[in-house]
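Notes to accompany the following structure.
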2 protein chains.
Amino acid sequence: MYATDFRMTHQRRLILEELKKVKTHPTADEIYVIVRKTMPRISLGTVYRNLEILSAMGLIIKIEGFGNQRRFDGNTNKHYHIRCIKCGKIDDLPEDAITNIEVDHNKIKGYSIYNHEIQLSGICEQCHNAK
Amino acid sequence: MYATDFRMTHQRRLILEELKKVKTHPTADEIYVIVRKTMPRISLGTVYRNLEILSAMGLIIKIEGFGNQRRFDGNTNKHYHIRCIKCGKIDDLPEDAITNIEVDHNKIKGYSIYNHEIQLSGICEQCHNAK
DNA sequence: TTATTATTAGTAAAAGTTATCATTACTAAT
DNA sequence: ATTAGTAATGATAACTTTTACTAATAATAA
């Protein structure tokens with residue numbers, strides 16, 4: 001038999017490692033810029049493909065809730081995000097910022113529930129001061 | 001002085017009314033198909049522009065959290081959504097499905113908070129039966 | 001009415017993502 | 001080691017979704 005598993009290629013590992021390093025929540029093209037410093041001939045398609053695969057593997061998180069550009073997060077611990085509606089920056093929320101949330105699965109008829117996301121939006125300190 | 005306000009054009013009113021009629025959460029191009037039945041010469045750009053304006057006016061809701069296509073909701077009462085990860089369908093959650101959520105604004109330093117969204121994902125009844 | 005200007009239709013362009021395909025490189029069995 | 005099989009890559013084209021542009025039109029206040 002031959003492997004049907006994912007292969008950990010140099011490109012895939014680099015993308016994963018760079019994403020784990022940063023505390024921001026970069027887009028695919030921002031990651032493309034970062035990894036090209038180490039691997040100048042990597043293609044944008046490879047970045048997109050691997051970000052999808054890595055998130056399917058559960059090694060990174062895909063953030064789709066803000067704006068129309070996908071973002072990625074190397075931190076796979078369960079946490080929520082807040083985005084500044086002025087500058088678009090995304091920050092992590094502290095773990096204890098949202099508490100007591102209760103989801104009554106019986107109230108949601110027909111669905112088996114897999115996940116929930118919470119996204120806050122507001123204005124960050126910099127943008128508040130800038131105005 | 002002349003008006004700096006929004007004008008309620010036929011196009012804008014039609015888009016609003018059709019969106020209020022449906023219980024689904026259509027994309028811009030789905031709304032385009034609907035309104036062309038009444039107003040065949042309306043342009044897709046007009047649909048996009050008015051959906052933005054109507055949501056800025058607070059008359060409709062823009063849903064950005066699911067997938068990479070924007071959706072719109074004529075129901076402006078505060079409510080949450082669930083999406084089927086198989087077929088992509090979006091349903092409203094009953095009001096009492098999520099309770100007790102507490103957001104501690106003091107824990108989120110620097111931000112003034114404007115809004116929060118919650119998005120569940122799961123598998124709907126039809127897709128569950130289909131498998 | 002008339003003057004002003006927001007809005008429109010039509011179209012082009014931009015932005016973001018996915019698909020295609022010949023080539024490369026990883027993996028497992030010989 | 002060598003080979004066979006196949007997942008992954010780089011390069012690029014194509015596609016989808018959204019935004020921008022512009023001359024013409026239409027809504028509104030005076």
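Within every chain, numbering begins at 1; the chains are lettered A, B, ... in the order of the sequence lines, protein sequences first and strands thereafter.
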Acceptor/donor pairs from residues 94-101 of chain A side chains to any protein atom, 3.5 angstrom cut, sequence neighbours excluded:
unit_1	atom_1	unit_2	atom_2	d
A/N100	ND2	B/E102	OE2	3.1

Going by side chain to side chain contact (heavy atoms under 4.5 Å, CB included), name the residues that satisfy it together with [X], two or more places apart in sequence or in a different chain.
X      : result
A/Q69  : A/T27, A/D29
A/K20  : A/L16, A/T76
A/S112 : A/Y114, B/I123

Mind calculating the distance between [atom1] ([X]) and [atom2] ([N]) to the nearest angstrom?
X     : N      : atom1 : atom2 : value
A/L54 : D/dA7  : CG    : P     : 17 Å
B/I42 : C/dT7  : CD1   : P     : 14 Å
A/I31 : C/dT17 : CD1   : C1'   : 14 Å
B/R13 : C/dT8  : CZ    : C1'   : 16 Å
B/I53 : C/dA6  : CD1   : P     : 11 Å
A/E64 : C/dG16 : CD    : P     : 15 Å
A/R41 : C/dT24 : CZ    : C1'   : 13 Å
A/E30 : C/dA15 : CD    : C1'   : 14 Å

Self-check item: side chain to side chain donor-acceptor pair (under 3.5 Å) partners for B/Y111, two or more places apart
Solution: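 B/Y111: side chain to side chain donor-acceptor pair (under 3.5 Å) contacts with A/D91.
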Quiz item: Between B/R71 (side chain) and B/I63 (backbone), is there a donor-acceptor pair under 3.5 Å?
Solution: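 Not at all, since once roles are kept as given, no pair shorter than 3.5 Å links the two residues.
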Quiz item: By salt bridge (Lys or Arg N to Asp or Glu O under 4.0 Å), which residues pair with B/D92, not counting sequence neighbours?
Solution: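 Per chain and number, B/D92 pairs via salt bridge (Lys or Arg N to Asp or Glu O under 4.0 Å) with no residue.
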Quiz prompt | Listed partners of A/E18 passing salt bridge (Lys or Arg N to Asp or Glu O under 4.0 Å), at least two apart | solution =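 A/K21.
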Quiz item: Of all residues at least two apart in sequence or in a different chain, which pass the ring pair (Phe, Tyr, Trp, His ring centres under 6.0 Å) check with A/Y80?
Solution: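 By the ring pair (Phe, Tyr, Trp, His ring centres under 6.0 Å) rule, A/Y80 matches A/H116.
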Self-check item: Partners passing ring pair (Phe, Tyr, Trp, His ring centres under 6.0 Å) against A/H79 (at least two apart in sequence or in another chain)
Solution: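 With sequence neighbours excluded, A/H79 shows a ring pair (Phe, Tyr, Trp, His ring centres under 6.0 Å) to A/H81, given in chain and number order.
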Quiz item: Any side-chain donor-acceptor pair under 3.5 Å between B/N75 and B/N77?
Solution: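 Side chains of B/N75 and B/N77: pair found under 3.5 Å.
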Quiz item: In B/S/- notation, 5' to 3', how is nucleotides 16-27 of chain D contacted by protein heavy atoms closer than 4.0 Å?
Solution: -SBB------BB
Quiz item: Of the residues in residues 15-23 of chain A, which ones touch DNA chain D at a heavy-atom distance under 4.0 Å?
Solution: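 Listed by number, there are none.
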Practice problem: Enter the inter-axis angle for the ends of the helix from C/dT1-D/dA30 to C/dT30-D/dA1 (five pairs per end, rounded to 10°). | Solution: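 That helix gives 40° between its end axes.
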Quiz prompt | Which nucleotide in D/dA11, D/dG10, C/dT8 has an atom nearest any side-chain atom of B/N50 | solution =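 From the listed options, C/dT8 comes nearest.
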Quiz item: Closer than 4.0 Å, any side-chain N/O of B/T46 to the OP1 or OP2 of C/dA9?
Solution: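 Looking at the OP1 and OP2 atoms of C/dA9, one of them is under 4.0 Å from a side-chain N or O of B/T46.
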